[in-house]
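Here is how names work: the chains are called A, B, and so on, in the same order as the sequence lines, proteins then strands, and each is numbered from 1. Keep in mind that the numbers below use all heavy atoms, side chains included, and drop hydrogens, waters and symmetry copies.
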Amino acid sequence: MVSSHFFEDVYAVVRLIPKGRVSTYGAIARYLGTAKSARTVGYAMNASFGVIPSVPAQRVVNRLGMLSGKHHFQTPTRMQELLEKEGLIIRDDHIEDFEKVFWDPMKELEL
DNA sequence: GTCATGACAAAGA
DNA sequence: TTCTTTGCCATGA
C-alpha cells in the first residue's frame with residue numbers, strides 16, 4: 001500500500017503520544033495544519049491496522065474523550081484494555097479525567 | 001469518471 | 001442554546 005503523505009503525518013504524531021496520555025482527532029488534524037480534516041485522521045486510524053511500526057490508535061479518541069473507534073479494533077474491548085493497561089480509567093466507553101490525560105501536540109511539540 | 005461514506009470538528013442559523 | 005451544514009482526505013462502488 002502507498003501510505004499517503006497525510007496518513008504518514010498522522011501516524012507520526014500518534015506514535016509520539018506518551019504512554020498514559022491520549023489525544024484527539026481534531027488536535028492531530030490541527031497540528032498537521034488541516035483543522036477540518038479530523039475525519040480523515042479517523043480514517044487513517046482505520047487504515048493503521050497492521051501498519052509498522054505499530055500505531056497506538058487506542059490513544060486517539062474524539063474530542064469528548066469517548067472511545068468512538070473501539071469497534072474498529074480486533075475486538076471491541078481491545079481499545080479499552082490497552083488504555084487501562086496504560087493507567088487510564090475508562091468508564092462507560094469514555095475516558096475519566098480526560099482533560100488531565102489529554103495530550104495536545106500543538107502545546108507539547110510546538111511549545 | 002462521478003457519487004457516497006467515514007474512528008470528527010468547527011462554524012453558521 | 002441546539003440543530004444543521006460544511007470541510008477535509010482517502011477509499012470503495
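- Taking a pair as Watson-Crick or G-U with both hydrogen-bonding distances under 3.5 Å, the stems of three or more pairs touching DNA chain C are B:2-6 with C:9-13, B:8-13 with C:2-7.
- Heavy-atom contacts from other residues, nucleotides or ligands closer than 6.0 Å to CZ of A:R78 number 12 or fewer.
- Looking only at distances, no side-chain donor or acceptor of A:S37 sits under 3.5 Å from a matching main-chain atom of A:A29.
- Of the candidates B:dA7, B:dA10, C:dA10, the closest approach to any side-chain atom of A:R63 belongs to B:dA10.
- Within 3.5 Å, no donor on the side chain of A:Y43 pairs with an acceptor on the base of B:dA7, nor the reverse.
- In terms of position on DNA chain B, the residue among A:N62 and A:T40 whose nearest nucleotide sits closer to the 5' end is A:T40.
- Minimum heavy-atom separation, A:V10 to A:V41: CG1-CG1, 3.9 Å.
- With hydrogens and angles left out, the side chain of A:S37 and the base of C:dC8 share no donor-acceptor pair within 3.5 Å.
- Here the shortest heavy-atom pairing between A:R30 and A:A35 reads CG-CB, 3.5 Å.
- When rounded to the nearest whole Å, the span between OH of A:Y11 and P of B:dA7 equals 15 Å.
- Under a 3.5 Å cut-off, the side chain of A:Y43 and the backbone N or O of A:F7 do not form any donor-acceptor pair.
- Placement of A:Y31 and A:F102 in two distinct hydrophobic clusters is found when ILVMFWY residues are connected by side-chain heavy-atom separations under 4.5 Å, directly or transitively.
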